[in-house]
Amino acid sequence: MSFKQLTTSTLAVAALSATAVAARDNVQVAGSSTVLPYAVIVAEAFGENFDFPTPVVESGGSSAGLKRFCAGVGDNTIDIANSSRAIKSSEIKVCASNGVTDIMEVRIGYDGIVFASDISGNNFAFTPADWYKALAAELPADKGMVANPNTNWNAVNTSFPDQPIQVFIPGTKHGTREVFEEKVLLEGCKDSGAMAAILRLNGGDENAAKATCMRVRTDGLSVDIDGDYTETLARIEADANGIGVFGLSFYENNTDKLQVATMSGIVPTTKSIAAGDYPVSRPLYFYIKAAHLGVIPGLQEYADFFVSDEIAGPDGPLAEYGLVSDPELAATQTAVANHTLLGGN
Amino acid sequence: MTTTANSLLVRDDRTKRRNAAELRFRAYGLGAIGIAALALVLLLSSVLSSGVGAFSQTFITLETSLPEAKLNKSGLRDPAVMAKVSTFGYAPLLRDALLTRIAELGITTSLSDKNVDAMISKEAAASLRDHVLANPDLIGGKVTMDVLADGRIDGYFKGRVTMESAARDGNTSPEALRVAQRLADAGVIETRFNWRFLTAPDASDQRPEAAGLGVAILGSLYMMLVVLVLALPIGVAASIYLEEFAPRNRLSDLIEVNISNLAAVPSIVFGILGLAIFINFSGLRQSSPLVGGLVLTLMTLPTIIISTRAALKSVPPSIRDAALAVGASKMQSVFHHVLPLAAPGILTGTIIGLAQALGETAPLLLIGMVAFVREYPAAYSHEAGLFGEAATALPVQVFNWTQRADPGFAERASGAIIVLLVFLAVMNTVAILLRRHFERRW
């Protein structure tokens, strides 16, 4: 009896594998955890208003999403990768080598990166230079690079309170980290004159100087958060001196617990980011596998719906949730409708 | 000979020391139990206190008028045309209905249209639209429905949101809460038990009040079925062969060691294996309960094999000998005598293995089950096959909700933990009852 059962169950597995190759009828999305809430809002509204099933949206980070996106063409690969940064040329190559040659890039809008601390703590008005001086692994001195001696904010900038430096920044797997390094640390390095000092010390090697500027201290005053913003928030709730890096939408949903710091005198709002005044923002994207258009039902409609004025426009639900809507949305809509591929044609 | 006789009634120093040592050891033991109990109480009380709110929900009773001009411009009751009015077209109707109600009750308020919008869940427009599309005759008249209140309003009636926190919150205001309180006094807003938490699918970050566990519970159920159907026969067959038929040699020793080792392998490893074999090689669907069930089967098999072998071992050899002595074949002795006697032990082991599989998250991460899924998965569909439609699972839903930005999801996550704990407690109780009821001792 047991052997009979054993064979039947093995056969059942084999039969199931055979039946499962029929076409998938729902759109499958994966990628950036920053884009995730937006994609989920769109997927939900899409499922409600269209006859197609609600797309399945996974998280996992921009790099992981693009890696799965580039794994190949076919039913058991994802159709759309969400990303909080533009696809890299190395990733396009991997895609091409796996047969994913036709990729559509869709920019959905902009996201602000904000610096926030516990609502009952001190208020800050930062400049990128402050962050560079607080977070750099090594600072240039007269004779060479020295380990960052600053342990309190008032050592960084005398107008700051005497509060120990304790910051929570996104880990390296997050697309946000890259933006933080480039738009805050690197800018701060240049603004504070440290860049010039480093170039003087290392003999003018610009790439090495940039890498030095963006190296974050590892003595525990800066903590990499590999999880989501909820983890950063929990760390700040546990340590009132903590200052965290968040997405604008996350901050706007937790204004009762967090206070936001200005950057170069600008308060981050969807308006100041759209106007280009607030310096730390980045575009958000999703990538469509063009080979799946027309094969997976609803894929084209989902993309059209995502960038429609009703959704991604300045009065749509995405903007309400914290997305800075793209001033060039109309161009994106045309590109999506015309299947404009990455790299021309 | 010493003069002081060692009376048994008088305790000497050594006995006192030994007694004291025993007393101390008892105290350590009690302390250990106390710490464990305290941890359990802390865990349960924190989960219960934050999660119990998820089981009740705040509803607003609204009489919404459905103007023909807005919902059915063509005048023809063509479902395809009517479906063109999206949920965004229905939201203003609900707002108007709430404004009318506020005016009727004589509440004066400085709330803008947008603030009033924010008092009603975004889910409400979708339920109204579904209702209207299902009953097109309602258009032109009025419909009375209980719609979900926004998460912040709901939080106020559950004590999660206070006037102080609302003042700092960009998504609500003390004024909105005051209006909500007046509406509640008039009976328009009511907080009551929420079945939707157990039946509704997940919802987006903008509507925590609508999120439910329906898809997750179905997904977990399907996976447990797959695990039960595959792991039980395979596990029992393997253990019977190993225990009753296999010759004792190096090979069977090697198999035995490997099974014990497999039981201790971290579960994420099975996820990687599942991704490679079931999705990339066999081409089964990502996010499907079938793949999840197969992965969990691999994970549970060693547990089931080990407990089944223990159950078979505990059947006294005299039973086998007696069966063989009256002329039964080896297989007859096993299936007629040993297996029925070992069955309670096997069942208990299986249920504990299932309970372990039910609470597993890590392997599901890799096979795409940590996802936003709103469609109820069908057990069978022509396209996806058996258990092939995308689903999530209970522990995954907890993981998912703890990562959401809206504080309303923290309550949902704790509520989901309560549901998961109830499932686990029920399964373990069944295991204990089965053992108590059927177990035989020799």
Side-chain angles (χ1 to χ4, degrees), chain A residues 1-3 5-6 8-9 12-13 16-26 28 30 33 36-37 39-45 47-49 51 53-60 71 74-78 119 227-231 247 249-250 252-257 310 316-317 320-321, chain B residues 83 86-88 122 126 129-130 161 164-171 201-207 229-230 233-234 236-237 240-241 278-280 282-288 290 294 335 365 368 370-375 382-390 400 402-407 410:
Chain A
M1 174 190 146
S2 69
F3 288 105
Q5 277 181 346
L6 182 66
T8 5
S9 32
V13 176
L16 288 172
S17 340
T19 57
V21 290
R24 177 151 53 79
D25 65 347
N26 62 332
Q28 204 127 22
S33 49
L36 179 79
V40 163
I41 290 168
V42 178
E44 185 175 59
E48 275 164 12
N49 289 309
D51 279 338
T54 308
V56 172
V57 190
E58 288 173 59
S59 176
D75 219 19
N76 56 349
T77 59
I78 58 172
I119 189 132
D228 284 74
Y229 294 135
T230 39
E231 191 184 336
S249 60
F250 188 90
E252 293 203 324
N253 276 291
N254 289 282
T255 45
D256 56 332
K257 300 187 198 84
E310 207 175 22
E320 194 183 322
Y321 190 73
Chain B
S86 69
T87 46
F88 304 106
K122 292 193 163 47
R129 180 174 180 270
D130 285 347
V161 175
E164 290 79 53
S165 75
R168 297 191 299 260
D169 195 332
N171 295 313
D202 195 3
S204 75
D205 295 45
Q206 280 187 317
R207 33 179 114 154
V229 165
L230 292 180
I234 296 178
V236 171
I240 291 179
Y241 182 76
F278 300 125
I279 294 179
N280 292 344
S282 307
L284 294 179
R285 288 179 175 230
Q286 318 186 53
S287 319
S288 68
L290 174 67
L294 289 171
F335 283 99
L365 263 169
V370 182
F372 173 75
V373 183
R374 251 181 91 82
E375 302 287 328
H382 181 66
E383 292 85 25
L386 196 58
F387 299 138
E389 295 197 341
N400 241 338
T402 51
Q403 292 179 317
R404 300 282 183 89
D406 195 293

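Side chains are part of it too, since the values below use all heavy atoms of this structure and drop only hydrogens, waters and symmetry mates. Naming convention: chains lettered A, B, ... in sequence-line order (proteins, then strands); numbering from 1 in each chain.
Neither the backbone nor the side chain of D51(A) comes within contact range of chain B; no heavy atoms are under 4.5 Å apart. Within the 4.5 angstrom heavy-atom criterion, no atom of Y229(A) approaches chain B. The contact between P317(A) and chain B is made by backbone and side chain atoms together, counting heavy-atom distances below 4.5 Å. If you measure heavy-atom distances from T402(B) to chain A, the contacts under 4.5 Å come from the backbone alone. The contact between T77(A) and chain B is made entirely by backbone atoms, counting heavy-atom distances below 4.5 Å.
Annotation: salt bridge (Lys or Arg N to Asp or Glu O under 4.0 Å) contacts of E252(A) (sequence neighbours excluded): none.
Looking at E48(A) and K122(B), no side-chain N of the basic residue comes within less than 4.0 Å of a carboxylate O on the acidic one, giving no salt bridge. Taking 4.0 Å as the cut-off between side-chain N and carboxylate O, E44(A) and R207(B) count as a salt-bridged pair.
What you find for L284(B) and N76(A) is that their closest heavy atoms are O-CB, 4.0 Å.
Rounding to the nearest 0.5 Å places CG of L36(A) at 6.5 Å from CZ of R404(B). Taking CG of D25(A) as the reference point, atom NE2 of H382(B) lies at 11.0 Å (rounded to 0.5 Å). Once rounded to the nearest 0.5 Å, the distance linking OG of S165(B) with CG of N254(A) reads 11.0 Å.
In terms of heavy-atom pairs under 4.5 Å with chain B, the best-connected choice from T230(A), N49(A), I41(A) is N49(A). Here A371(B) is the residue among A371(B), P407(B), G388(B) with the most heavy-atom pairs under 4.5 Å with chain A. Across Q403(B), Q206(B), E389(B), the residue that shares the most heavy-atom pairs under 4.5 angstrom with chain A is Q206(B). With chain A as partner, the option from A203(B), A167(B), S288(B), A410(B) having the largest number of non-hydrogen pairs under 4.5 angstrom is A203(B).
No hydrogens or angles considered: a donor-acceptor pair under 3.5 Å links the side chains of S86(B) and E310(A). Using modelled atom types, one finds a donor on one side chain and an acceptor on the other under 3.5 Å when comparing Q28(A) with S287(B).
Remark: side-chain polar atoms of R168(B) are not paired, donor with acceptor, to backbone N or O of I119(A) under 3.5 angstrom.
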